[in-house]
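Beneath this line is the structure, given in structure tokens, with notes to follow.
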There are 2 protein chains.
Amino acid sequence: MSGKERLPVRGAQGDLLRLVAGGHAESRAELARLSGLAASSVSLRVEELIDSGLLVEEGSGASRGGRRPRRLRLSPTAGLLAVADLGAHHVRLGLLDLSGTPLVIEEHPCDINRGPEAVLDWMADVFDELLERHGRDGSSVVPLRGIGTGIPGPVDPASGRVVSPSRMPGWNNFPVAEHLGRRYDLPVLVENDANLMAIGEARAWPRCDNLMVLKAGTGIGCGVIVEGRLHRGRGAAGDISHVRVRTDSSVTCSCGHSDCLEAYASGAALMSALAEHGITVRRPAGIVTSVDDGVPEATALVRNAGRLIGEVLTVLVNFFNPDAIVVGGSLSAAEPLISAIRAAVYERCLPLATRDLEIAVTRVGRDAALLGAGSLLLDAALAFESTHV
Amino acid sequence: MSGKERLPVRGAQGDLLRLVAGGHAESRAELARLSGLAASSVSLRVEELIDSGLLVEEGSGASRGGRRPRRLRLSPTAGLLAVADLGAHHVRLGLLDLSGTPLVIEEHPCDINRGPEAVLDWMADVFDELLERHGRDGSSVVPLRGIGTGIPGPVDPASGRVVSPSRMPGWNNFPVAEHLGRRYDLPVLVENDANLMAIGEARAWPRCDNLMVLKAGTGIGCGVIVEGRLHRGRGAAGDISHVRVRTDSSVTCSCGHSDCLEAYASGAALMSALAEHGITVRRPAGIVTSVDDGVPEATALVRNAGRLIGEVLTVLVNFFNPDAIVVGGSLSAAEPLISAIRAAVYERCLPLATRDLEIAVTRVGRDAALLGAGSLLLDAALAFESTHV
DNA sequence: CGCTTAATCTTCGATCTCGAAGGAAGATGG
DNA sequence: CCATCTTCCTTCGAGATCGAAGATTAAGCG
């Protein structure tokens with residue numbers, strides 16, 4: 001493979017490729033069921049996709065009472081996606097194949113305050129290095145098909161710019177997508193980290209089409225999945241951190257309003273509250289350690305944070321009526337946080353809304369945002385290939 | 001026409017019919033653009049639809065710089081839909097053609113407390129009478145294609161049952177759809193009234209795919225439109241009336257919790273608050289009259305209700321980030337209500353979320369729920385015809 | 001008024017998709 | 001072990017869809 005040929009992704013072929021890549025279908029029969037095409041047409045298209053080297057047949061699947069299906073997979077040589085999840089102090093990045101399976105994932109310390117150019121250029125260097133080491137299958141170079149990154153702040157996905165972030169000095173209005181696009185002639189995806197997390201998580205909740213995915217880390221983020229797809233609204237959907245909460249005291253948030261949820265329940269807020277008790281932790285994960293170590297102040301603070309978050313979720317659960325609320329982010333490992341959220345939601349919501357509501361910890365774990373980026377990027381990559389022929 | 005023949009609505013023809021009926025397309029060219037079919041295929045299918053008497057050509061539309069399009073309409077003889085909007089003390093009902101245009105709409109007093117059988121049977125009698133008077137085009141009988149009704153309480157749309165309503169004694173768990181279905185062998189639609197209102201309103205907000213439609217009447221309801229489609233969640237989505245509000249006093253709501261929005265800001269709550277001031281009104285519309293007459297207590301109460309509603313909306317606007325909030329229901333005619341809602345939302349929401357947010361009064365008016373019922377019913381009717389061949 | 005441009009709609013042969021029928025491979029059950 | 005059922009996949013003719021080319025109608029403009 002030369003690494004530059006286009007994917008044949010127009011029309012029916014593209015749909016089939018998407019279904020296989022998205023993990024929705026593994027055999028011709030499944031493709032026929034999901035795509036709505038006739039079985040005969042599916043066979044024909046699959047034949048072509050195999051001929052062009054994008055799909056491969058690999059063994060056979062489990063029988064459902066008859067002949068075994070012949071399993072289809074994306075060819076490992078079809079392409080790679082480079083994805084990153086930028087956090088406040090660390091970045092996770094890796095390479096995925098087109099079906100979203102990770103080849104390699106690494107975590108590096110990275111101070112986001114160094115500014116966009118420095119961070120993004122360094123990130124691209126790491127990508128190049130990863131490609132050098134993992135970007136070949138046997139002797140052939142596997143082509144890179146897209147770049148995606150999550151940003152811990154609001155993003156305008158159309159322009160790929162960061163929009164008035166609260167904890168990223170120097171990044172406001174920076175054209176992240178454009179900057180990365182100058183280095184790679186490929187589709188570039190820039191999206192809020194909680195949104196990516198939501199997409200990554202959604203695949204792990206197959207019967208749940210409406211999801212709220214909470215990211216409890218340094219800040220509080222939320223991604224919303226409606227009917228299986230990310231809901232962006234006008235671009236800012238999912239914010240719950242600047243909602244006013246019921247408290248006795250009064251704190252002014254960085255946004256200028258008083259008593260925002262973020263000012264009481266974010267990892268940053270908890271860390272500074274702990275500091276007032278003489279307990280110093282450097283990362284939100286340290287709070288979890290303190291809780292696990294049985295530090296009473298930490299447990300009390302985390303439980304209170306859970307209660308506040310839960311009270312905000314109350315309103316949203318009645319309104320949005322999701323199938324599940326998934327909690328991720330580094331604080332999600334703190335058991336008292338989850339149980340306090342559960343208690344608040346189940347206590348105050350309408351019975352109709354909580355009847356079948358599941359409130360649970362992430363199933364995917366720390367890679368959720370990377371997998372989500374892969375999932376979105378695949379669509380972008382296929383669209384790119386089909387419009388740039 | 002015999003009035004019993006099936007609509008030819010399978011495959012491409014059905015899609016085209018839906019596009020015309022839904023008001024999305026008015027010419028072959030538009031159909032081609034929206035359906036994704038080739039212009040030639042569209043011409044062919046439209047030809048057949050005209051031959052079978054469902055579509056008619058009617059004059060020509062405005063030129064866009066070239067040949068004028070030949071306008072397509074649903075034939076007035078294609079079918080009728082009977083729709084109703086059940087309120088606490090009144091019912092509005094009427095007949096629509098398949099494109100959702102009203103032939104006749106009437107309002108009758110109707111006490112919902114008489115129980116489901118009495119109300120529904122009487123409603124069906126009125127439908128029969130309307131059909132008698134308006135159900136013919138020239139000499140031919142136009143067939144009835146579906147029945148739909150809005151209910152002022154929670155509805156399980158799958159089963160067509162009312163689910164634990166707060167102000168409809170005797171209706172709990174009553175199978176409304178089944179009851180109506182016994183009288184008519186037709187698709188029957190039963191849906192919450194605020195949801196129907198939202199669908200009806202959505203057509204009047206063409207550039208707004210994400211809408212919150214508030215119904216402020218005896219109770220407080222809310223319908224949610226996501227990406228142009230009604231969001232039901234697990235069936236209970238859109239409830240905002242049992243959210244806890246920030247107040248000094250403390251009131252217990254009928255749901256058992258304290259300080260629900262409904263207990264302060266619903267028409268029912270406002271009426272009893274007015275009664276304490278010695279001002280008696282019988283319907284929520286009477287509150288509006290009092291406000292217009294300059295009764296200070298009424299204005300103050302309504303403004304306070306608006307503020308409380310606005311504060312609840314704050315959370316939802318940040319989270320859902322809609323294009324517009326539309327306020328309907330009888331209280332929406334009270335100017336202080338709207339301005340108080342606006343003030344609260346614009347004051348407290350994130351700038352990103354309110355930047356392009358429109359908060360406005362209903363464009364459709366009192367018939368919104370009827371039109372919404374028609375819109376949903378059309379889909380149900382086409383699906384019914386295509387599965388029952 | 002004729003020329004150009006633009007949009008709508010139709011004609012017609014090439015191509016794609018469907019669905020019925022049948023072959024392949026395995027589960028089930030005497 | 002063999003008949004029977006189920007599921008998966010392919011073959012092949014009928015029919016639907018496409019797209020290019022052309023006919024039709026009309027606006028814009030010198």
Side-chain angles (χ1 to χ4, degrees), chain A residues 7-20 23-52 54-75 382 386-387 389, chain B residues 7-20 23-52 54-75 382 386-387 389:
Chain A
L7 297 170
V9 286
R10 298 178 158 287
Q13 280 193 348
D15 292 344
L16 297 182
L17 203 55
R18 245 171 286 260
L19 284 169
V20 175
H24 303 291
E26 275 199 334
S27 69
R28 292 164 173 82
E30 255 178 311
L31 281 171
R33 279 192 293 270
L34 292 175
S35 68
L37 297 179
S40 48
S41 310
V42 170
S43 267
L44 232 82
R45 300 298 145 238
V46 166
E47 187 74 16
E48 292 169 10
L49 286 169
I50 290 177
D51 283 347
S52 66
L54 286 170
L55 286 184
V56 287
E57 257 181 14
E58 194 194 53
S60 52
S63 163
R64 304 196 314 162
R67 174 177 173 176
R68 285 192 195 146
R70 288 148 73 182
R71 275 174 74 184
L72 299 172
R73 275 207 40 160
L74 254 117
S75 160
L382 293 181
S386 66
T387 54
V389 172
Chain B
L7 298 170
V9 285
R10 298 178 159 286
Q13 280 193 350
D15 292 342
L16 297 182
L17 202 56
R18 244 172 287 261
L19 284 169
V20 175
H24 303 291
E26 275 200 335
S27 69
R28 290 164 233 261
E30 256 179 310
L31 281 172
R33 279 192 294 271
L34 291 175
S35 68
L37 298 178
S40 48
S41 310
V42 170
S43 265
L44 233 81
R45 299 298 145 239
V46 166
E47 189 72 16
E48 292 170 11
L49 286 168
I50 291 177
D51 283 349
S52 65
L54 287 169
L55 286 184
V56 286
E57 257 179 17
E58 193 193 54
S60 51
S63 164
R64 304 198 312 165
R67 172 174 172 178
R68 284 192 195 147
R70 287 149 74 183
R71 278 175 72 186
L72 299 171
R73 275 207 42 158
L74 254 118
S75 161
L382 292 182
S386 67
T387 54
V389 171

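For clarity, every value in this text was computed on a predicted model and none was experimentally measured. Sequence lines set the chain letters: A, B, ... in the order given, protein chains first and strands last, and positions in each chain run from 1.
When the side-chain nitrogen and oxygen atoms of Arg28(A) are compared with OP1 and OP2 of dT10(D), one or more of them lie within a distance under 4.0 Å. The side chain of Ser63(A) places no N or O atom within less than 4.0 Å of a non-bridging phosphate oxygen (OP1 or OP2) of dT7(D). Note on Arg64(A): a side-chain N or O is less than 4.0 Å away from OP1 or OP2 of dC8(D). Between Ser40(A) and dT10(D) there is no side-chain polar atom (N or O) within less than 4.0 angstrom of OP1 or OP2. The side chain of Arg33(A) places an N or O atom within less than 4.0 Å of a non-bridging phosphate oxygen (OP1 or OP2) of dC8(D). An OP1 or OP2 oxygen of dC16(C) is reached within less than 4.0 angstrom by no side-chain nitrogen or oxygen of Arg45(A).
Looking at heavy-atom distances under 4.0 Å, Leu44(B) makes no contact with the nucleic acid at all. In this structure, Arg71(B) reaches neither bases nor backbone, as no heavy-atom distance under 4.0 Å exists between it and the strands shown. Residue Ser43(B) is in base contact, counting any heavy-atom pair closer than 4.0 Å across all strands shown.
Ser60(A) approaches Arg68(A) most closely through the heavy-atom pair OG-CD, 3.7 Å. Of all the heavy atoms in His24(A) and Leu34(A), the pair that sits closest is O-CD1, 3.2 Å. Looking at every heavy atom in both residues, Ala25(B) comes nearest to Leu31(B) through CB-CD2, 3.6 Å. In this structure, Val42(A) and Arg28(A) approach most closely via the heavy-atom pair CG1-O, 3.6 Å.
Nearest-nucleotide positions on DNA chain C for Gly36(A) and Ser27(B) put Ser27(B) closer to the 5' end.
Distance from the side chain of Ala38(A) is smallest to dG19(C) among dG19(C), dT8(C), dC9(D). Proximity note for Leu37(B) (side chain, C-beta onward) versus dT17(D), dC9(D), dC9(C): the nearest is dT17(D).
Side-chain contact check for Leu16(B) versus Leu55(B): every heavy-atom pair is 4.5 Å or farther apart. Contact of the Val46(B) side chain with the Val20(B) side chain is not registered, since no non-hydrogen atoms from C-beta on lie closer than 4.5 Å.
Rounded to whole Å, atom C1' of dA24(C) lies 10 Å from atom CZ of Arg70(A). Rounded to whole Å, atom P of dC9(C) lies 10 Å from atom CD1 of Ile50(B). dT17(C) atom C1' lies 12 Å from atom CD of Glu48(A), rounded to whole Å. If you take CD of Glu30(A) and P of dC8(D), they are 8 Å apart, rounded to a whole angstrom. For the pair Glu47(B) CD and dT8(C) C1', the interatomic distance rounds to 15 Å; values are reported in whole Å. Computed from coordinates, the Glu26(A) CD to dC8(D) P distance equals 12 Å when rounded to whole Å. A straight line from CZ of Arg68(A) to P of dA25(C) spans 12 Å, rounded to a whole angstrom. Atom-to-atom, CG of Leu31(A) to P of dC9(D) comes out at 9 Å; the value is rounded to the nearest Å.
Recorded end-axis angle for the helix from dC1(C)-dG30(D) to dG22(C)-dC9(D) stands at 30°, based on five pairs per end and rounded to 10 degrees.
For the pair Glu48(B) and Arg45(B), the salt-bridge criterion is met [side-chain N within less than 4.0 Å of a carboxylate O]. Note on Glu30(A) versus Arg64(A): no salt bridge recorded, every NZ/NE/NH1/NH2 to OD/OE distance being 4.0 Å or above.
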